[in-house]
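One structure is given below, encoded as structure tokens.
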Amino acid sequence: MPAWLITGSSRGIGFELAKQLAANSANTVFATCRKPDAANSLNELAKSHKNVHVVALDVDDEASAAAAAETVKSALPAGAGIDYLINNAGWGVRVSFEEEEIATIAAVFNTHVLGALRVFRAFLPLLKLGTRKVVVSVSSELGSLAYVDDPRVGSAFPSYSIAKTGLNMLTRKIAKQYPDFIVFAFAPGWIKTEMGGSGAEYEVDDAVKRHIKIYETATLEKHTDKFINQFEDPVAW
């Protein structure tokens, strides 16, 4: 039974990923969020699917990540590990550098880059016990240095873009240090979620179906140390 750990599961892509994975009873889904008591949709999903476990995890807090790893370990069979770690938690604000506080830029970076690192380090022992050892950094084309020249991107979402660029480098460093892990950065697309907005290009249910297919079929040879989109096309770093 593949075990999945998803951060940022209370809404958007993370919630849809948990929901679609839960539909397959062969999966064990550890759906994490900062405030489980307020995650009504996620709790309802767990009530109707015994293979879903809601776990408290604030990626901004190292102690929270360590506690979440212990919770997941205790819920797994003895000696079992995590097969898929999906670092999905994130947020951003659409303001210019003139408007954005330095503290906000630091906070966005903390969540996307240091948060992903905290989670990876906390769950590393369980990843080593897993069969698949897939680590996905949910990034964005906004983190691509090449895409800055695209007029649709330009100076938009500066702190979010900086953070995703940092996440991409973190991903490559992890891939280099753990060559037996399947580690890659993933651009999920502009999706109709609370963050993406109603004017986004893709419906969340259709997009997440594509995401899952990529995750489940990812290989060391084709995916490790790569940056790809939801159609499995390469994205320029």
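Residues Ile191 and Ile13 are in side-chain contact: their nearest non-hydrogen atoms beyond the backbone lie under 4.5 Å apart. Between Ile6 and Phe15, the closest side-chain pair of non-hydrogen atoms is not below 4.5 Å. Residues Val134 and Val136 are in side-chain contact: their nearest non-hydrogen atoms beyond the backbone lie under 4.5 Å apart. Considering only heavy atoms from C-beta on, Leu5 comes within 4.5 Å of Thr32 through its side chain. Looking at heavy atoms from C-beta onward, Trp237 lies out of side-chain contact with Leu145 at the 4.5 angstrom threshold. Annotation: side chain of Glu232 is not in contact with side chain of Arg210 (no heavy-atom distance under 4.5 Å). Residues Phe186 and Ile228 are in side-chain contact: their nearest non-hydrogen atoms beyond the backbone lie under 4.5 Å apart. For the pair Asp205 and Gln20, the minimum side-chain heavy-atom distance is below 4.5 Å.
Side-chain atoms of Thr111 and Asp60 form a donor-acceptor pair, as typed in the model, at a separation below 3.5 Å.
A pairwise comparison of heavy atoms in Ala22 and Asn51 identifies O-ND2, 3.2 Å as the closest pair. Among all heavy-atom pairs drawn from Ser10 and Ala39, the shortest one is CB-CB, 4.0 Å. Here the closest heavy-atom approach between residue Ser64 and residue Asp58 is recorded as OG-N, 2.8 Å. Here the shortest heavy-atom pairing between Asn168 and Ser139 reads OD1-OG, 2.7 Å. Among all heavy-atom pairs drawn from Val54 and Cys33, the shortest one is CG1-SG, 4.5 Å. Heavy atoms only, all atoms of each residue included: Asn229 and Val235 are closest at N-CG2, 3.8 Å.
A donor-acceptor distance shorter than 3.5 angstrom exists from the side chain of Lys133 to the backbone of Gly130, with no hydrogens or angles considered. Side chain of Asp83 to backbone of Arg132: a donor-acceptor contact under 3.5 angstrom is found. Between the side chain of Thr171 and the backbone N or O of Phe184, no donor-acceptor pair lies under 3.5 Å.
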Sequence neighbours left out, cut at 3.5 Å: what donor-acceptor pairs do the side chains of residues 211-218 make with other protein atoms?
from	atom 1	to	atom 2	distance (Å)
His211	NE2	Pro188	O	3.1
His211	NE2	Ala207	O	3.4
Thr217	OG1	Lys213	O	2.7

Side-chain donor-acceptor pairs of residues 70-81 under 3.5 Å, sequence neighbours excluded:
from	atom 1	to	atom 2	distance (Å)
Thr71	OG1	Ala67	O	3.1
Ser74	OG	Glu70	O	3.4
Ser74	OG	Thr71	O	2.7

Which pairs would a plain distance check flag for residues 116-124, meaning a side-chain donor or acceptor within less than 3.5 Å of a matching protein atom at least two apart in sequence or in another chain?
from	atom 1	to	atom 2	distance (Å)
Arg118	NH1	Val59	O	2.9
Arg118	NH1	Asn110	OD1	3.2
Arg118	NH2	Asn110	OD1	2.6

Distance-only criterion, 3.5 Å: show the donor-acceptor pairs between side-chain atoms of residues 24-31 and protein atoms not counting sequence neighbours.
from	atom 1	to	atom 2	distance (Å)
Asn24	OD1	Ala26	N	3.0
Asn27	OD1	Trp4	NE1	3.1
Asn27	ND2	Leu21	O	3.1

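We find that Asp225 and Arg172 are joined by a salt bridge, their nearest charged nitrogen and carboxylate oxygen being less than 4.0 Å apart.
Separating the CG atom in Leu114 from the CD atom in Glu62 is a distance of 10.0 Å, to the nearest 0.5 Å.
Counting only residues at least two apart or on different chains, no salt bridge (Lys or Arg N to Asp or Glu O under 4.0 Å) pair has a member in residues 178-188. The stretch residues 158-167 participates, sequence neighbours left out, in these side-chain hydrogen bond (donor to acceptor under 3.5 Å, both in side chains) pairs: Glu100-Ser159, His112-Lys164.
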